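Written below as structure tokens is the structure these notes are about.
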Amino acid sequence: MTLGENTVALKDPEVEDDAPADDDEDDEPEDIQVTIKESCQQNAECVKYKDALDSCNARVSSRKETEETCYEEVLDYVHCVDHCVTKNLFNKLK
């Protein structure tokens with residue numbers, strides 16, 4: 001049995017072709033915290049902690065067996081970014 005050129009696929013009755021696009025994203029206000037966080041990550045104070053973290057990650061990744069972790073560097077970087085965000089965020093909230 002072969003299918004001819006005039007074969008038509010049946011539609012799924014549960015799927016509507018005329019369904020409106022999901023525009024919920026347009027209704028949401030911009031999250032100012034994300035914008036401030038990105039700005040704080042570029043802050044000169046936090047960049048030095050990010051550089052220390054990147055250096056530590058490179059050092060740890062280059063070794064096969066090491067007990068060194070970059071835990072302190074992660075904490076320093078996250079603390080710097082969070083402190084910057086907190087200082088700037090509450091001044092911009094309504």
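Just so we're clear, the structure is a prediction, and the values are computed from it rather than from any experiment.
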Using modelled atom types only, decide if a donor and an acceptor are shared between the side chain of N91 and the backbone of K87 within a distance under 3.5 Å. yes
To the nearest 0.5 Å, what is the distance between CG on D76 and NZ on K48? 9.5 Å
Expected output: side-chain S55 to main-chain D51 donor-acceptor under 3.5 Å: no
Sub-3.5 Å donor-acceptor pair from the side chain of S61 to the main-chain atoms of N57, do we have one? yes
How many angstroms lie between atom CD of Q41 and atom NZ of K50, to the nearest 0.5 angstrom? 8.0 Å
Linking I/L/V/M/F/W/Y whenever their side-chain heavy atoms sit closer than 4.5 Å, directly or via other members, would V47 and L53 fall into one cluster? no
Cluster check F90, I32: I/L/V/M/F/W/Y, side chain < 4.5 angstrom: yes
With rounding to the nearest 0.5 angstrom, report the NZ to OG1 distance, K92 to T35. 9.5 Å
Distance, nearest 0.5 Å, that separates CD1 of I36 from CG of L89: 5.0 Å
Give a yes or no answer on whether the side chain of T66 reaches the backbone of R63 with a donor-acceptor pair at less than 3.5 Å. no
What's the verdict on side-chain contact (heavy atoms from CB on, under 4.5 Å) for H83 and C40, showing C-alpha distance, side-chain angles and the deciding distance? CA-CA 9 Å; H83 180 71; C40 286; over 6 Å; no
Would you name the heavy atoms of Q33 and V85 that are closest together and state the gap between them? CG-CG1, 4.0 Å
Inter-residue atom distance C46.SG - K37.NZ, 0.5 Å rounding: 11.0 Å
Looking at every heavy atom in both A52 and E73, which two are closest together, and how far apart are they? O-CG, 4.0 Å
Rounded to the nearest 0.5 Å, what separation is found between the CG atom of L75 and the SG atom of C70? 11.0 Å
State, to 0.1 Å, how close Y49 and Y77 come at their nearest heavy-atom pair, and which atoms those are. CB-CA, 3.8 Å
Determine whether V60 and T69 make a side-chain contact, defined as any pair of heavy atoms from C-beta on separated by less than 4.5 Å. no
